Protein chains: 2
Amino acid sequence: MQAPDYQAETAQCVFIGRMLGRVTDKWTVLIVRVLGRGPCRFNALRREVGEISQKVLASTLRDLEENGLVSRTVTPVNPPQVEYALTDLGRDFLRPIRGLAEWVLENAARIEAARAEYAARVST
Amino acid sequence: MQAPDYQAETAQCVFIGRMLGRVTDKWTVLIVRVLGRGPCRFNALRREVGEISQKVLASTLRDLEENGLVSRTVTPVNPPQVEYALTDLGRDFLRPIRGLAEWVLENAARIEAARAEYAARVST
DNA sequence: GATAGGTGGTTTCAGAAAGTTACCACGCGG
DNA sequence: CCGCGTGGTAACTTTCTGAAACCACCTATC
């Protein structure tokens, strides 16, 4: 990696940014993580993820479906059942997602400490 | 991990979500990744990241500083120099961040294919 | 037989976040 | 003197998120 080409780097950043905009946000990470334990229906997902509104869950799931990470299967019984599951691509994605989630869990205390220290530094 | 406690799982999701909200978004990933190559000044960072506005870069950097991932050093020359660098915590964070960025680069084609397939399925 | 609750969403609308643009003080090169 | 580069902030606009209500349909309860 000698003599890095900064124009190429910038282009790569823009590209990664565009892709990240598609497949990562706070909710994506949580949803993929939960679906990693097995298929799940809409309201069950909602309950498990916690503080997510129906609208945002619905649109996030549609995005995930559009980008090929999640499949949506409707069983036409009454009331209709809609089951969400990870695709192969989604299961692949699980690895970086879990890396992120685990890091956050392991380092939460350090982040909190940094925040407290920052607040003290600013207020003084 | 037998007999998962779903209430605890939901609480964990909420907690992870809160932490993720602090340390990850599209821009955070890109900025940390660039700073992983070494310290960088404001406008250099801006040029390298690409399509980011000054305002968003400034506020993202302040968030990163607040959460202890990035340090900000002002050298009072004229014009003043402001150098941003990763802290120890930020360098630790580099690993999951790189995992994410690499996954996105490796799987961009699969995502694009899924999008094309989805678009075809919907429009028909 | 009305009423409450669960199914998987959409609609509506306020408020928050992100993005765009302009501007600041300062110096330096042409 | 004009514009560029330094590191931002302020005002304004657009986009997005979040809370709540509503929908049709079914089941269980009182």
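Each chain gets a letter, A, B and so on, in the order its sequence line appears, and its residues count up from 1. As the structure is a prediction and not an experimental result, all values here were calculated from the model.
For B:Ser53, the side-chain atoms get nearest to C:dG19 when compared with the rest of D:dG5, C:dG19, C:dG6.
Nucleotide C:dA17 holds its C1' atom 11 Å from the CG atom of B:Asp25, rounded to whole Å. We find that CD1 of A:Ile52 is positioned 13 Å from P of C:dG9, with the value rounded to whole Å. Note: CD (A:Glu51) to P (D:dA19) measures 8 Å, nearest angstrom. Atom CG in A:Leu20 sits roughly 15 Å away from atom P in C:dA18 (whole-Å rounding). Nucleotide C:dT20 holds its P atom 13 Å from the CG atom of B:Leu57, rounded to whole Å. The separation between B:Gln81 atom CD and D:dG7 atom P is 7 Å, rounded to whole Å. Atom OH in B:Tyr84 sits roughly 8 Å away from atom C1' in D:dG7 (whole-Å rounding). Spacing between atom CD1 of B:Ile31 and atom C1' of C:dA18 amounts to 14 Å, rounded to whole angstrom units.
Put simply, A:Arg72 has a side-chain N or O that comes within less than 4.0 Å of OP1 or OP2 on C:dG9. A close approach under 4.0 Å does occur between a side-chain nitrogen or oxygen of B:Arg47 and OP1 or OP2 of D:dT6. Regarding contacts with the backbone of C:dT7, every side-chain N or O of A:Arg41 stays at 4.0 angstrom or more from both OP1 and OP2.
Using a cut-off of 4.0 Å between Lys/Arg side-chain N and Asp/Glu carboxylate O, A:Lys26 and A:Glu51 are scored as not salt-bridged. Taking the charged nitrogens against the carboxylate oxygens, B:Arg62 and B:Glu66 have no contact shorter than 4.0 Å, which rules out a salt bridge. Electrostatic pairing of A:Asp92 and B:Arg110 counts as a salt bridge here, judged by a charged N lying under 4.0 Å from a carboxylate O.
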Give each protein N/O atom lying under 3.5 Å from an N/O atom of nucleotides 9-12 of chain D, with the pair distance.
from	atom 1	to	atom 2	distance (Å)
D:dT9	OP2	B:Arg62	NH2	3.1

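Nearer to the 5' terminus of DNA chain D, by closest-nucleotide assignment, is the contact made by B:Asn43 (compared with the other of B:Asn43 and A:Trp27).
No donor-acceptor pair under 3.5 Å is formed between the side chain of A:Thr10 and the backbone N or O of B:Val49. Using modelled atom types, no side-chain atom of B:Arg98 and backbone atom of B:Arg33 make a donor-acceptor pair closer than 3.5 Å.
Partner B:Leu69 forms a side chain to side chain contact (heavy atoms under 4.5 Å, CB included) with one of B:Leu35, B:Ile97, B:Leu94, B:Leu64 and no other, that one being B:Leu64. Between B:Ile31 and the choices B:Leu86, B:Leu57, B:Asp25, the side chain to side chain contact (heavy atoms under 4.5 Å, CB included) rule is met once, by B:Leu57.
Residue B:Arg46 is classed as having no contact, given no heavy-atom separation below 4.0 Å to the nucleic acid.
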